[in-house]
> 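Mind having a look at this structure? Questions to follow.
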There are 2 protein chains.
Amino acid sequence: MRAVADLGYVRNVAAANLSQRRVYRFCFVIPEGTNAFFDRVCKIVGAVSPPDGTDRVQIRVERVAAFDAAALAKCLIELSDADLDGIAIVGINDARIDTPIAIMRDKGIAVLAMISDMPESLCDGYIGINNTTAGATAGGLIALSHGGRPGRVLPIVGALTARDHAERIDGFRKTLAATALTIAPLIEGRDRHDLVETHLRAALVADPAITAIYSAGAGNAGLIRVLATLPSDRPRPMVVLHELLPHSRDALEQGLIDIVIDQRPEEEVRRTLALLRCLADRRPLPAARQIVPAIYIRQNLPAEVDPALLEGSAA
Amino acid sequence: MRAVADLGYVRNVAAANLSQRRVYRFCFVIPEGTNAFFDRVCKIVGAVSPPDGTDRVQIRVERVAAFDAAALAKCLIELSDADLDGIAIVGINDARIDTPIAIMRDKGIAVLAMISDMPESLCDGYIGINNTTAGATAGGLIALSHGGRPGRVLPIVGALTARDHAERIDGFRKTLAATALTIAPLIEGRDRHDLVETHLRAALVADPAITAIYSAGAGNAGLIRVLATLPSDRPRPMVVLHELLPHSRDALEQGLIDIVIDQRPEEEVRRTLALLRCLADRRPLPAARQIVPAIYIRQNLPAEVDPALLEGSAA
DNA sequence: GGCAAAATGAAAGACGTCTATCAAAAATGA
DNA sequence: TCATTTTTGATAGACGTCTTTCATTTTGCC
């Protein structure tokens with residue numbers, strides 16, 4: 001190794017791969033459930049790799065019931081014999097997956113956390129946004145929309161026990177603390193649109209002074225239903241929510257909401273694949289840059305994702 | 001070719017490159033002048049490729065006086081004999097560069113327009129943002145910050161003869177037309193901070209009702225100087241400007257301005273290189289997705305760019 | 001010291017493509 | 001028809017690495 005360093009030798013990965021007809025086998029394990037965001041992630045993963053295998057990358061997608069650590073553990077055990085080079089999983093904090101992950105890594109399979117982080121020692125890296133920053137951004141935009149005037153903001157989350165939701169609310173609160181805005185009692189909607197709808201209706205009646213809503217979690221279809229049925233004789237609250245999905249895009253276009261903060265899953269998938277390849281090649285890893293979430297308003301919505309457009313992005 | 005199609009044969013670029021020790025030679029031709037944005041672009045280009053040439057990509061950067069079509073033409077003529085595979089130039093509309101570009105393309109050198117577009121037939125593609133959208137985004141954010149109340153917005157550009165500036169103002173006007181906001185007479189600052197400063201001071205005195213400023217061009221150091229010296233006894237106008245640069249970042253952090261719309265030159269350079277490689281390999285080009293500019297506020301500023309972090313991003 | 005087992009070393013072949021070389025075949029001209 | 005040029009075809013070698021094979025050396029043990 002010292003000679004290698006002295007000579008400045010760098011292994012030619014292309015030649016090495018050519019010599020053994022290397023195929024990279026990766027798997028994305030993605031929660032399945034009511035959350036449309038993960039459907040979007042699946043679509044993206046399905047679209048990154050040309051189906052003809054030109055790029056020698058084979059990607060498999062497994063879906064596992066959301067929040068079900070036992071099912072995830074079982075899936076990981078099965079995958080550990082599937083001759084994979086690496087997997088990406090959406091991190092959850094549950095001791096039941098520790099051993100399966102350790103087994104995989106012992107077998108030389110790289111394990112990355114995506115979207116939601118895991119304890120550092122458990123995996124080879126994390127690709128995702130900083131949720132505290134995302135929440136602070138939401139707070140900043142809400143503050144901006146009030147232009148210094150007072151207001152009252154209603155936060156909605158799935159559950160504060162979910163680390164990402166808690167972090168978003170944390171960043172949000174810290175940002176609002178420096179403003180003239182007050183915060184209404186938080187709603188926990190369990191990421192279910194029906195619960196979000198019910199609780200939100202009640203909250204808006206109970207507290208007519210609300211000037212803005214920040215939804216840090218999922219279940220926004222319920223939120224949008226409420227907004228669509230608000231009386232039109234007075235201005236609706238300003239609304240910020242997360243993830244660009246069919247219903248949030250529609251709501252933006254219709255003017256029912258004002259801002260969508262998107263974690264750019266395309267970028268996350270792209271970087272995850274790049275990292276998985278680095279790990280598979282035992283190449284030095286690029287220093288991790290944080291993914292900055294995108295801010296969307298009506299005017300800068302990107303074109304709808306045409307899966308064909310993603311082809312070749314794994315190259 | 002029909003046999004190729006029938007058999008579904010796809011050329012293995014890695015093997016082909018290996019066999020002939022292929023080196024990709026690209027050149028970025030970037031304007032030189034007072035504009036700090038292009039210095040940033042240069043830094044990014046300089047940082048994408050590892051200096052040891054591991055990735056077989058050699059990137060050269062040429063700087064040419066801004067707005068000087070004759071100088072650009074001369075540079076292109078020289079480059080056409082430099083054994084390049086492709087170049088990226090910042091598009092300008094001037095017939096004097098048509099022939100040099102045609103010559104380059106005749107020699108098999110791919111020519112891409114970056115940041116600013118050129119007539120379609122002239123080059124092999126364009127990588128950059130949609131400036132009409134960017135202007136509309138600025139307008140949308142300013143409208144949002146007024147929350148339905150009336151206001152008066154002052155637009156500043158370098159010159160309306162510059163296509164990108166004109167497009168931004170166009171998108172901006174169209175968006176504001178649907179709001180309660182009025183537009184003050186436009187300032188042309190020629191992208192020079194001294195002129196921007198002088199004109200802006202005068203405009204703010206002449207029109208005390210101004211509630212927001214949209215700077216679509218460069219020379220924002222002058223704008224920021226004015227903001228820093230405004231009387232603090234009443235709220236300053238809301239400010240939106242373009243490009244994340246040292247002084248605009250500082251101004252955001254200090255609360256002198258509210259929003260920066262950034263065209264994400266890292267992404268532009270990355271995609272330009274990817275396209276240049278496709279063209280050099282005569283591979284099918286990925287369908288062009290538009291680059292959506294990023295919206296930055298104080299809370300979601302990305303970490304300062306450490307050049308080392310970009311290493312390997314050309315892979 | 002002698003023999004088997006283990007470790008080390010060297011060399012050949014393969015991966016998929018391109019270039020260069022040379023022979024064979026076809027086309028050209030007298 | 002023959003000599004010459006041009007076209008076509010086939011083959012070898014190279015690119016940088018990994019794996020496999022086989023020969024050689026070293027080690028361990030009685």
Side-chain angles (χ1 to χ4, degrees), chain A residues 1-26 48-59 81-86 105-110 124 273-286 311-315, chain B residues 1-26 48-59 81-86 105-110 124 273-286 311-315:
Chain A
M1 294 316 288
R2 252 204 41 212
V4 164
D6 291 351
L7 294 167
Y9 167 86
V10 272
R11 180 170 171 271
N12 181 328
V13 178
N17 286 353
L18 182 62
S19 81
Q20 44 183 87
R21 281 184 162 160
R22 178 82 151 96
V23 173
Y24 297 88
R25 301 167 164 280
F26 300 132
V48 279
S49 193
D52 59 2
T54 311
D55 58 358
R56 317 222 150 241
V57 175
Q58 286 179 9
I59 300 178
D81 283 321
D83 192 27
L84 294 169
D85 295 293
R105 295 184 68 196
D106 274 353
K107 295 194 178 183
I109 304 174
D124 296 287
L273 278 173
L275 246 191
L276 283 174
R277 286 192 63 147
C278 275
L279 289 163
D281 291 336
R282 282 152 217 294
R283 267 183 297 160
L285 304 185
E311 271 178 30
S313 63
Chain B
M1 294 316 287
R2 252 203 43 207
V4 164
D6 291 350
L7 295 167
Y9 168 85
V10 271
R11 180 170 170 271
N12 182 327
V13 178
N17 287 352
L18 181 62
S19 80
Q20 42 181 67
R21 282 184 160 160
R22 177 80 151 99
V23 173
Y24 297 88
R25 300 166 164 281
F26 300 132
V48 280
S49 194
D52 58 3
T54 312
D55 58 358
R56 318 221 151 240
V57 175
Q58 285 179 10
I59 299 178
D81 283 321
D83 193 27
L84 294 170
D85 296 292
R105 295 185 67 197
D106 274 352
K107 295 194 178 181
I109 304 175
D124 296 288
L273 278 173
L275 245 191
L276 283 174
R277 285 192 63 149
C278 276
L279 288 163
D281 291 337
R282 282 153 218 292
R283 268 183 297 159
L285 304 185
E311 269 179 33
S313 63

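We name chains A, B, ... by the order of the sequence lines, and we start the count at 1 in each one.
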> Is the shortest side-chain N/O distance from B/Q20 to OP1 or OP2 of C/dT19 below 4.0 Å?
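Result: yes.
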> Mind calculating the distance between CG (B/D281) and P (C/dC18) to the nearest angstrom?
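Those two atoms, CG and P, are 11 Å apart.
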> A quick test of your reading: do over 12 heavy atoms of other residues, nucleotides or ligands sit less than 6.0 Å from CZ of B/R11?
yes
> Let's test this: given Watson-Crick or G-U wobble pairing with both distances under 3.5 Å, identify the partner of C/dA30.
D/dT1
> Give the rounded distance in Å between these two atoms: CG of A/N17 and P of D/dT19.
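The answer, rounded to whole Å, is 11 Å.
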> In Å, rounded to the nearest 0.5 Å, how long is the span from CE of A/M1 to CG of A/D6?
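One finds 11.0 Å between CE of A/M1 and CG of A/D6.
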> Contact class for A/R22 vs. all strands (heavy atom < 4.0 Å): base, sugar-phosphate, or nothing?
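Here A/R22 touches no strand at all.
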> Return the nearest nucleotide to the side chain of A/A16; candidates are D/dG16, D/dC18, C/dC15.
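Given the options D/dG16, D/dC18, C/dC15, the side chain of A/A16 is closest to D/dC18.
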> Which one, C/dC18, D/dG16, D/dC18, comes nearest to the side chain of A/R11?
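The answer is D/dC18, which lies nearest to the side chain.
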> Might you work through the side chain to side chain contact (heavy atoms under 4.5 Å, CB included) test for A/F26 and A/D85, ending with a clear yes or no?
CA-CA 6 Å; A/F26 300 132; A/D85 295 293; 3.8 Å; yes
> Hey, does B/A15 reach any base, or is it just sugar-phosphate, or nothing, if we go heavy atoms under 4.0 Å?
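It contacts base atoms.
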> Does a nitrogen or oxygen in the side chain of A/R21 sit under 4.0 Å from OP1 or OP2 of C/dG16?
yes
> Identify which nucleotide among C/dT17, C/dC15, D/dG16 has an atom closest to any side-chain atom of B/L18, counting heavy atoms from C-beta outward.
D/dG16
> Which nucleotide wins on minimum distance to the side chain of B/Y9, given the candidates D/dC18, D/dT17, C/dT17?
C/dT17
> Between B/Y24 and B/R277, is there a cation-pi geometry (under 6.0 Å to ring centre, at most 45° from the normal)?
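Pair B/R277/B/Y24 counts as cation-pi.
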